[in-house]
Amino acid sequence: MRAFVLLCLLHAVVAQGGPYKWRAVEQENPEPGSESICITDSQSCGCCVMQQQIQRMKTFFNMSISEVEAELEKTKNILNNIRSARSAFSVALTNSKDLTCFGPFRDDVLIKYQHVFINLGQGYDVTTGIFTVPRSGVYSLALTVYSDAGAPGNTLAACGSLQVNGRVVAGPSERNMQDQEDSATIVMAIHLHAGDKVSVNLPIGCFLCDDVSHYNTFTGFLLYSTD
């Protein structure tokens, strides 16, 4: 920058007809845009040099801008990958004001959790009760089951089967006749693959009860991707 200012001052001296004269400078490879003015007369050489410097600066800044734009594009791609990798859901059995029970049934029944706290990535489908894994990775899964027998001495059967592609991987259960109400929870980390189906089944004879307090929850989120 200092050299550029000095060249500007020298050019101003020449333009004002000062006592300093410039000898013509022969260039083997003059830069584009400078030939016409450099061959006119010897006093124009200061302007010629300035144009050369300006051309160099333009070239430098154009290269710098291109590098910045390339880095910006890389950053955008990384952010897009991070956004696409986000996956988290948390749902509850119901949002009813009154305590409502689901079951018991004569066969295993897939539980469709209806109240959604979060469904980042839209992996959980409320119409089917199934979470479809969006991308391969290690996931955290948590299941809490709760039930109310209705009266002391009645059989309590709070249970559920956490399944991946129809295979049971965990099954919290609380069956007894000592408690009127009780709950059970499991939390696990598991490696899942893109397209895997995660769901919860209600085993035969079990029943779950829930209301706005959300005693029965099903939660999962991606810890890190392995794609």
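None of the values given here were measured: they were computed from a predicted structure.
Contact record, Ser87 with Pro134: OG-CG, 3.5 Å, taken as the closest heavy-atom pair. Here the shortest heavy-atom pairing between Ser173 and Ala184 reads N-CB, 3.9 Å. Contact record, Pro203 with Cys159: CD-O, 3.8 Å, taken as the closest heavy-atom pair. Here the closest heavy-atom approach between residue Ser140 and residue Val187 is recorded as OG-CG1, 4.4 Å. Residues Pro104 and Phe207 share a closest heavy-atom pair of N-CB, 3.6 Å. Here the closest heavy-atom approach between residue Leu223 and residue Ala189 is recorded as CD1-CB, 4.4 Å.
For Tyr139 and His191, the ring centers sit 6.0 Å or farther from each other. Proximity of the aromatic rings of His115 and Tyr113 is defined here by a centroid distance below 6.0 angstrom, and this criterion is not met. Between Phe218 and Phe89, the ring center distance clears the sub-6.0 Å criterion.
When each of Leu162, Thr132, Val169 is tested with Val198 by the rule side chain to side chain contact (heavy atoms under 4.5 Å, CB included), just one qualifies, namely Leu162.
In this structure, the side chains of Phe105 and Cys206 stay at 4.5 Å or more apart for every pair of heavy atoms. Using a 4.5 Å cut-off on side-chain heavy atoms (C-beta onward), Asp98 and Asp211 make no contact. Between Lys197 and Thr128, every side-chain heavy-atom pair lies at or beyond the 4.5 Å cut-off. The shortest side-chain heavy-atom distance between Phe102 and Ile111 falls under the 4.5 Å cut-off. Counting heavy atoms from C-beta outward, Asp182 and Tyr146 have side chains that stay 4.5 Å or more apart.
Between the side chain of Asn119 and the backbone N or O of Ser90 there is no donor-acceptor pair closer than 3.5 Å.
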